[in-house]
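The next block holds one structure in the form of structure tokens; read it before the comments.
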Amino acid sequence: MALSELYTEYNRVWIPDAEHVWRSAEILRDFHVGDNVLELLLEDGTHHYPVDPSNTRLPPLRNPDILVGENDLTALSYLHEPAVLHNLKVRFVESRIIYTYCGIILVAVNPYKQLPIYGDAIIHAYSGQNMGDMDPHIFAVAEEAYKQMARNHKNQSIIVSGESGAGKTVSARYTMRYFAVVSKSGSKTKVEDKVLASNPITEAIGNAKTTRNDNSSRFGKYTEISFDKKYQIIGANMRTYLLEKSRVVFQADYERNYHIFYQMCSCAHLPEFKNLRLCDADNFQYTSMGGDITIEGVDDKKDMEETLRTFSLLGLNKDFQSDVFKVLAAILHLGNVEIRNSGDDKSSPSDPHLAVFCELLGVRAEGLVRWLCHRRIVLVAETVVKPVPKERAVNARDALAKQIYAHLFDCIINRINTALQAPGKQHAFIGVLDIYGFETFDINSFEQFCINYANEKLQQQFNLHVFKLEQEEYMKEDIPWTLIDFYDNQPVIDLIEAKMGILDLLDEECLFPQGTDQSWLQKLYSYLDANHLFEKPRLSSQAFVVQHFADKVEYQCKGFLEKNRDTLYEELVDILRDSKFPFLVNFFREEAQRTVMGKGVKVKPARPRVKPANKQLRTSVGEKFRSSLSLLMETLNATTPHYVRCIKPNDEKLPFEYDSRRVVQQLRACGVLETIRISAQSYPSRWTYIEFYSRYSILMSHQEADLNDKKQTCKNVLQRLIQDTNQYKFGRTKIFFRAGQVAYLEKLRLDRLREACITIQKHVRGWSQRRKYLCMREAAIILQQYIRGKRTIRLENITDNVVFLGYRVRQVYQLVRLASITIQAFTRGWMARKQYRKMLKEHKALVLQKYCRAWLARRRFQTMRRLVLNVQLSYRVQQLRKKIEEQVNMLTTDDSQKSYDAEDLLAAFEGLQKATRFQEQRESYESQVEGLKLKVDHLQNESSKLQNLFQEKSNVNENIRQEVSRLSSENSVRCLTLGCIFNCFGWIRCRTYLELRRFSSKCVTDLKPKGVVVNVIPGLPAYILFMCVRHADYLNDEAKLKSLMNAIIGGVKNVITSHHKDLNLLSFWLSNMYLLLNSLKQYSGEEEFMKQSTPRQKKNCLRNFDLSEHRQILSDLAIHIYHRFITVMEKTLTPTIVPGMLEHESLQGISSMKPTGFRKRSNSIYEDLDTYTISSIIQQLSDFHSTMTQHGMEQGLIRQAVKQLFFLVGAITFNNIMLRKDMCSCRKGMQIRCNISYLEEWLKLKDLQGSNAIDTLKPLSQTAWLLQVNKSTDDDAKEISEKCTELNPVQIVKILNSYTPIDDFEKRVTSSFVRKVQSLLQDREGSTHLMLDTGYRFQVTFPFCPSSQALELLQVPSSLRLDFLTKI
């Protein structure tokens, strides 16, 4: 499709505007070839844009809003000046983003405000990332340079340029800080700190306040940061260019001299500065000429402290510092030397400051006074000393001050280079060039001429590099290469540096003693008049005009010769050489050949070096600058360059204020628009096949979308949509589009979406109307039925009334009857149950009475029976005794005859007595039994108490028995030196120290977790180790116990150190160290650890030693293993987080892909590679959980590890959102919330909700919600401030500013809404950091969990090969 066909109704264009440079307008009517007028609609009414039919130059088209605000300007469909200007404005003003890519250039707009985007967390976030994966940043350029150096083994350069006040110095400082952080050497020399410490010193002696910038660099600087083979910083070297020496003696209004002078004056009261006789800066001529000696927000005293600190850090001792300050103070005093007229064409100095100057520098006052006011003229026959006028004497004084300061500057730079010199061999380097950009002022002199000359050389190198990259891109994609016309500024360079050029004529004029600026200018007019790049001003005869690549610049010739000569009278130099101050003498020591700026770099020049026309001209400033510039270009041509263009948005230094006229002027000057022009000439828009398929799949038919070959599908669709094949080219991995074609495709896509929306709306509205109709129809039918029913009832009411009343009465009667029967049934049942319960109670009472009465009756009967038996027995005994007495009397008369009967009677009597006693005992026993039965209840209550007491006593007895047994066993061992086996369990014995070492090796060092855990219970090594410890405690062998503990701890440490990346081994030993620690606690004998132990475990507690110190050591070791274990898991999980949580589209059909521009091209390929998804993250987490579970890790420890991993997932994802504007969209918020729900389901599946891991994702969850919520009204702002409690104000504002619509149907967040949210959040306290600390670790705790494992039942498997151990 031709570009002119895109000028249709409703499209927008850019037209020139005097105030805003470019202004947007909408096309009112389709434009056709041959029309004379393009009808446009502006904000203030219609506008007719004239069009010349013979040369159809239409106004540039405006990009669709969906493409505005992109990270890379090359992603725009229309590449031209207004598109670049508008895109930068949207990003800078609305999104508050200061960095933007423009192909290979990073455009940095100075915000004039401190932003929280330069912390160490930001540095680590960009480290290791591809340049297009994150938002544009100075750190991304530094990382790209560092990565290419390591990958390609080639030196790199970062070229930072821009106007004064654009932020060059700060950008260069941040790049050096990035290298210092990411390439830590770990050496004790702190090379990185020294490299960074050089910045405050160079800024103090080389920066000053100007009307454009409070910290303007008044010199160019190229810093080479040296790296070794491990790509760690080992040193640095600086080269400086064109120091503005004139600032030492002159400052314009509202400007200052170099910072170091004001820093010294602010510390004049300190003891170390007393001898310099300093005072306030407004008392010195050289520091008060600008009228403003202070800078708002700058404390010179604190800056002086920082300068002194960095002097010391670089190893520059106190003596050197004192010498430097002496020279600086002498320069200030020299400026106060007053020179007066003493007659015609005579002058003489008269000032007390002269004496101070001579005293500080150790020079003779008489000689200095003479040669300041006189000049020696050497004639053919004689030498004449002639006095000079006051003006020339003042110039001589100022020239002396400038020379001294210039030599001091070079000396300090050389000493810094010496301090930063690499001790080893340099493998590669990255150069950071902080150099002035193209300058044009109302009055332009020699300094601006040299600056613009340097920028011409840099622009030529830049153009060639851009051209080369374009050619490489086409060749890589197999696209036919067509010659691109680009601006070549070689004619301008020849005008300046070639033979009979401006510099050559200037050096020639400087050879003549009577040469003047005017005579030199006349030579320029005569020799260069034919050159179309050189012009003579119409209204001035003291200037000339050069047509630079950026703009025409008019130079005033006044001062060119003097500044180019930079001469100092030889007599003054001799005075300084004769000084008694060695530090000063070294400045003016003659050398055969001095290097231009310290150590050079041996590189092969890309072009022949420009040779001077005369050897005597080598000492001129122009020649020196040309030589140093030539060396710089050789270095840059031998490296891979990276470009940073700093832009000054306004001259008032207002934060986030955008002056389009000033910005476009700088864009033209710095080469950004030239890059755009080169890209736009061929195929500026380039999409990978995957990006095209994802973005424009909506334009595909079903047959095309069903093809498996996506590349062929893209070709078929594009050939159908755009008939002109010249408007695009198919590359190997990308599709190349001419300008405007992507916008046309976006229009087709928008039309298709609009049609789809209309179709959906049509069907939804039809469905809604049909549903409404059906509801109304159903309601009407119901109403009709109800009304008809009512009418029928009313007609039949009289007839059916009686029947109905009878029916109702019968219903009521039956209901009452049923209720009565039910009540009666329940009542009768209740009464029967009550009677039954009464009878049951009476029956039980009768039974009790029966048994009680029977017992009482039996008791009375037995009592009466005993009484009767006792009476009978007493009576019978008395009768028997009487009878026996009678028989005895009878027997005494006849012993022989009655002996037999007496014996029988005696035996019977004895039996009777026994029976009587037995009866008495039986009665007493029965009475005792009755008494004991009455006390049974009391005895039972006391029995339980006595049982507990008895148990404790038996335990004490058992302990005593065990102690006696142990002592006996030990006695036996010592006496017999034989191994005795006791009736105990759970001990393992090592007999000798050799076995101890073997045990440590087998059970710790050589133990492999896979071979053990599969066949035996988890934690077996910990139990084995503890049983050995317990046996040593049982033997009361302190030496053996210490050796064993040291062997265990040392062995585990060695294993962890040797296998610090083995996840399985770390998990295995973390689990075992935790179990061993728990076992030592459980069997320590302390009350708090024995509450849940079994009696058997309580018996087997440690007896002789307190192992609390060893427990602490084991706890520290376990913590170390835990952190190492977490680190390994984090390194494994980290690569999957960003692709899985952010980049992968887990919700099918919700694509958030947009054009990516040049920076993504190097990483975009067609083939579908194995990418990480949310399933990859979940699978990795499951693997971690499985490993920990397999090794028997306690659940509390698993929860802590999972919580730490979830925090890492949330922090890395959140940080990437903060640094990736393309991720801040509503659709991406939906994807993130979906992924969070998957993680939450995984926690439920693994029963880990108690770990609070999901709480660590709250910042990420609230970020996803913030991306999806409406962001327009005051209620929305209030809701955001109330619900985003886990986000600080800086993060909320960053998300709102970075919010990027994916389609035209979405709206950007307005600046007014962001300000509303900021006002609601201004009272919120908390962190102000933009990023989350991904290195943060939750405090790990090891909760005590007693083990129920019976150690005596453990069996040592034979696979461990621990046969030398004895289980006892």
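This structure is a prediction, so every number in the text was calculated from the model and none was measured.
When atom types are taken as modelled, the side chain of Arg256 and the backbone of Asp292 share no donor-acceptor pair closer than 3.5 angstrom. Within the 3.5 Å criterion, the main-chain N or O of Gln522 finds a donor-acceptor partner in the side chain of Ser526. In this structure a side-chain-to-backbone donor-acceptor pair under 3.5 Å is missing from Asn155 to Thr639. A donor-acceptor pair under 3.5 Å links the side-chain atoms of Ser628 to the main chain of Phe625, judged by distance alone. Although no hydrogens or angles enter the test, the distance criterion places no donor-acceptor pair under 3.5 Å between the side chain of Lys221 and the main chain of Arg239. Of the possible polar contacts, none joining the Asn213 side chain to the Lys209 backbone as a donor-acceptor pair under 3.5 Å is found. Checked by atom type and distance alone, the side chain of Glu497 never pairs as donor or acceptor with a backbone atom of Ile493 at under 3.5 Å. In terms of modelled atom types and a separation under 3.5 Å, the side chain of Glu456 and the main chain of Ile451 share no donor-acceptor contact.
A search for salt bridge (Lys or Arg N to Asp or Glu O under 4.0 Å) contacts involving Asp551 returns nothing, not counting sequence neighbours. Lys536 is linked by a side-chain contact (heavy atoms from CB on, under 4.5 Å) to Tyr525, counting only residues two or more places apart in sequence or in another chain. Scored by the ring pair (Phe, Tyr, Trp, His ring centres under 6.0 Å) test, Phe534 finds Phe544 as partners (sequence neighbours excluded). Take Trp22 and apply the side chain to side chain donor-acceptor pair (under 3.5 Å) test, not counting sequence neighbours, and it matches Glu81. Not counting sequence neighbours, Tyr658 has no partner by the ring pair (Phe, Tyr, Trp, His ring centres under 6.0 Å) test.
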May I have the step-by-step check of side chain to side chain donor-acceptor pair (under 3.5 Å) for Asn237 and Tyr222, ending in yes or no?
CA-CA 8 Å; Asn237 181 72; Tyr222 184 69; over 6 Å; no
Worked verdict on Asp507 versus Asn564 for side chain to side chain donor-acceptor pair (under 3.5 Å):
CA-CA 8 Å; Asp507 290 341; Asn564 187 50; 3.0 Å; yes
Trace of the side chain to side chain contact (heavy atoms under 4.5 Å, CB included) decision for Tyr101 with Ile105:
CA-CA 6 Å; Tyr101 291 133; Ile105 302 174; over 6 Å; no
Please evaluate residues Tyr254 and Thr210 with respect to the criterion side chain to side chain donor-acceptor pair (under 3.5 Å), reporting the C-alpha separation (whole Å), side-chain torsions for both, the decisive distance (0.1 Å), and the verdict. CA-CA 7 Å; Tyr254 307 109; Thr210 65; over 6 Å; no
Under the side chain to side chain donor-acceptor pair (under 3.5 Å) criterion, do Ser246 and Lys563 qualify, and how do the steps go?
CA-CA 9 Å; Ser246 60; Lys563 293 177 180 178; 5.3 Å; no
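Between Leu242 and the options Tyr436, Tyr453, Phe219, a side chain to side chain contact (heavy atoms under 4.5 Å, CB included) holds for only Tyr436.
Counting all heavy atoms, side chain and backbone alike, Leu79 lies closest to Thr74 at CD2-CA, 4.0 Å. A pairwise comparison of heavy atoms in Met238 and Thr223 identifies CG-OG1, 3.5 Å as the closest pair. Taking both residues in full, the closest heavy atoms of Ser171 and Ile138 are given as O-CG1, 3.9 Å, listed atom of the first, atom of the second, then distance. Closest approach of Ala406 and Leu243 over heavy atoms only: CA-CD2, 4.3 Å. In plain terms, the two heavy atoms of Ala208 and Asn257 that are nearest each other are CB-O, 3.3 Å. When all heavy atoms of Gln461 and Leu636 are compared, the closest pair comes out as NE2-O, 4.1 Å.
The closest side-chain heavy-atom distance from Phe446 to Leu561 is not below 4.5 Å. Taking 4.5 Å as the limit, some side-chain heavy atom of Thr635 sits within range of a side-chain heavy atom of Glu224. Two residues are said to be in side-chain contact when any heavy atoms from C-beta on lie closer than 4.5 Å; Met633 and Ser630 fail this criterion. Here the side chains of Leu328 and Leu332 are not in contact, with every heavy-atom distance at 4.5 Å or above. Counting heavy atoms from C-beta on, the side chains of Ile159 and His642 never come closer than 4.5 Å. Between Val21 and Val664, some side-chain heavy-atom pair lies under the 4.5 Å cut-off. Looking at heavy atoms from C-beta onward, Gln514 lies out of side-chain contact with Thr516 at the 4.5 angstrom threshold. Looking at heavy atoms from C-beta onward, Ser216 lies in side-chain contact with Ser164 at the 4.5 angstrom threshold.
The pair Lys552-Glu535 meets the salt-bridge criterion, since a charged nitrogen lies less than 4.0 angstrom from a carboxylate oxygen. A salt bridge does not link Asp434 with Arg173: none of the charged nitrogens is closer than 4.0 Å to a carboxylate oxygen. A salt bridge between Lys523 and Glu509 is present, with a side-chain N of the basic residue lying under 4.0 Å from a carboxylate O of the acidic one.
Distance check, rounded to the nearest 0.5 Å: NE2 of His259 to CZ of Arg218 gives 10.5 Å. Taken to the nearest 0.5 Å, the OG atom of Ser627 stands 12.5 Å off from the CG atom of Leu632. The CG atom of Leu572 lies 11.5 Å from the CZ atom of Arg577; values are rounded to the nearest 0.5 Å. Note that CG of Asn417 and CG of Asp410 are 10.5 Å apart. Values are rounded to the nearest 0.5 Å. Put simply, OG1 on Thr240 and CD1 on Ile413 are 5.5 Å apart, with the number rounded to the nearest 0.5 Å. Note that the CZ atom of Arg415 and the CD1 atom of Ile201 stand 11.0 Å from one another [nearest 0.5 Å].
Residue-environment remark: CD (Glu391) stays at or below the threshold of 12 foreign heavy atoms within 6.0 Å. Residue-environment remark: OH (Tyr112) exceeds the threshold of 12 foreign heavy atoms within 6.0 Å.
Ring-centre distance between Phe462 and Tyr643: below the 6.0 Å cut-off. In this structure, Tyr286 has its ring center no closer than 6.0 Å to that of Phe250. Ring centroid separation for the pair Tyr258 and Tyr405 comes in under the 6.0 Å cut-off.
Between His407 and Phe587, the two ring planes are parallel [angle under 30°; tilted spans 30° to 60°].
Of the N and O atoms on the side chains of Asn463 and Gln459, at least one donor lies less than 3.5 Å from an acceptor on the other residue. For the residue pair Gln542 / Gln556, no side-chain donor-acceptor distance below 3.5 Å is found, with atom types taken as modelled.
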Show which side-chain atoms of residues 644-651 pair as donor or acceptor with protein atoms under 3.5 Å away, not counting sequence neighbours.
{"unit_1": "Arg645", "atom_1": "NE", "unit_2": "Cys670", "atom_2": "O", "d": "2.6"}
{"unit_1": "Arg645", "atom_1": "NH1", "unit_2": "Ser161", "atom_2": "OG", "d": "3.0"}
{"unit_1": "Lys648", "atom_1": "NZ", "unit_2": "Arg212", "atom_2": "O", "d": "3.0"}
{"unit_1": "Asn650", "atom_1": "OD1", "unit_2": "Glu652", "atom_2": "N", "d": "3.2"}
{"unit_1": "Asn650", "atom_1": "OD1", "unit_2": "Lys653", "atom_2": "N", "d": "2.8"}
{"unit_1": "Asn650", "atom_1": "OD1", "unit_2": "Leu654", "atom_2": "N", "d": "2.9"}
{"unit_1": "Asn650", "atom_1": "ND2", "unit_2": "Leu654", "atom_2": "O", "d": "3.1"}
{"unit_1": "Asn650", "atom_1": "ND2", "unit_2": "Glu657", "atom_2": "O", "d": "2.8"}
{"unit_1": "Asp651", "atom_1": "OD1", "unit_2": "Arg662", "atom_2": "NE", "d": "2.9"}
{"unit_1": "Asp651", "atom_1": "OD1", "unit_2": "Arg662", "atom_2": "NH2", "d": "3.3"}
{"unit_1": "Asp651", "atom_1": "OD2", "unit_2": "Arg662", "atom_2": "NE", "d": "3.0"}

